[in-house]
Amino acid sequence: MDPPQESAAAGRKRRRRGGVRNRKKLSSQKGLPPAAAPPTPASPPVKRRRKDIASQAAAMPKRGNTSSLLDKMRARLSGGHFRMLNEKLYTCSGEDAFDYFKNDPNLFDVYHTGYQEQMSHWPEQPVNVIINWLKSHNASWTVADFGCGNAAVAKNVKNKVFSIDLVSDDPSVIACDMAHTPLEPSSIDVAIFCLSLMGINYPSYLEEANRVLKPSGWLVIAEVRSRLDPNNGGADPEKFSKAIIQLGFSLVSKDVKNKMFILFCFRKKEKSKVAKGIDWPQLKPCLYKRR
Ligand code: SAH
């Protein structure tokens, strides 16, 4: 008599059981006790698998949270990229920075997105203080904004402004290393450096400002406080002012009331003369912490 035909499902079950038995046999043949046989990923115990799936699901973000998690990860990555670019700008020459951004102008957007994020935590924006200063003076003055970033000065005052930065996606911004601008000598009434004395060769930016400023022209500098804090490895602000005075300027005011930055106002002497061997202090790089 023919053996009764088993159903397809029963056959699968039997073969599966047999498969496990055979595996046990194989492992003991190799001299391993059955318990030590590594579980094959193809057939983990069914109970365990269900539990794993349940706990993975619990750990997974809910649908609505997925995009916010991705946003957080993106923000973290671009924050890291910003800090890397920022450190680069503070530790290389303007010429190297210019070449660096010229090869990949998109990096400039990465830098400025991170920069704006950092600045949003400052109680007062130095660029706004400078804009207000300009508004309260003479609208016919010609201004040069050295390291203009998003050209906020030009966008907010009536004056004629030459905006200068390493990269320009705006035709009104002159893209160059600000140690060498195309501006005419003695053509500018106000030179602004708002948090832009970044390169290790920063004195050459001030020498360039001196070249393009008219006699009695203004030099307005906002710099990060920590860069000029001798108690924390920063430069001595007196030494910084003295070097600029030796370049041919008078110090008109030094505003230290802001928590995050110092604002200096110098004026080029009517008959200015550059002293020999100016002792420029090294400005400490401003490296932002991870938030
Ligand atoms: N002044 C702007 C931006 C400050 S960030 C503001 O206050 O909002 C500093 C800017 O200086 C950056 O945009 C950077 O690209 C620019 N910068 C730094 N070194 C430069 C150089 N050698 N030549 C031109 N721009 C420079």
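Order of appearance sets the numbers: ligands from 1, and atoms from 1 within every ligand. Model, not experiment: these values are computed from the prediction. Counting begins at 1 with the first residue of the sequence.
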Quiz item: Are side-chain heavy atoms of Glu208 and Met178 found at a separation under 4.5 Å?
Solution: no

Exercise. Could you grab the distance from atom CD1 of Ile188 to atom CG of Leu183, nearest 0.5 Å is fine?
Key: 5.0 Å

Quiz item: Are a donor atom and an acceptor atom from the side chains of Tyr205 and Asn201 found within less than 3.5 Å of each other?
Solution: yes

Self-check item: Other residues, nucleotides, ligands: >12 heavy atoms within 6.0 Å of Lys158 NZ
Solution: no

Quiz item: Is the Lys NZ or Arg CZ of Lys268 less than 6.0 Å from the centre of Phe266's six-membered ring, within 45° of the axis?
Solution: no

Practice problem: Can you label the angle between the Phe240 ring and the Tyr202 ring as parallel, tilted or perpendicular, going by 30° and 60°? | Solution: tilted

Self-check item: Amino acids contacting ligand 1, non-hydrogen cut-off under 4.0 Å
Solution: Gly94, Phe108, His112, Tyr115, Val127, Gly147, Cys148, Gly149, Asp165, Leu166, Cys176, Asp177, Met178, Cys194, Leu195, Ser196, Met198, Tyr205

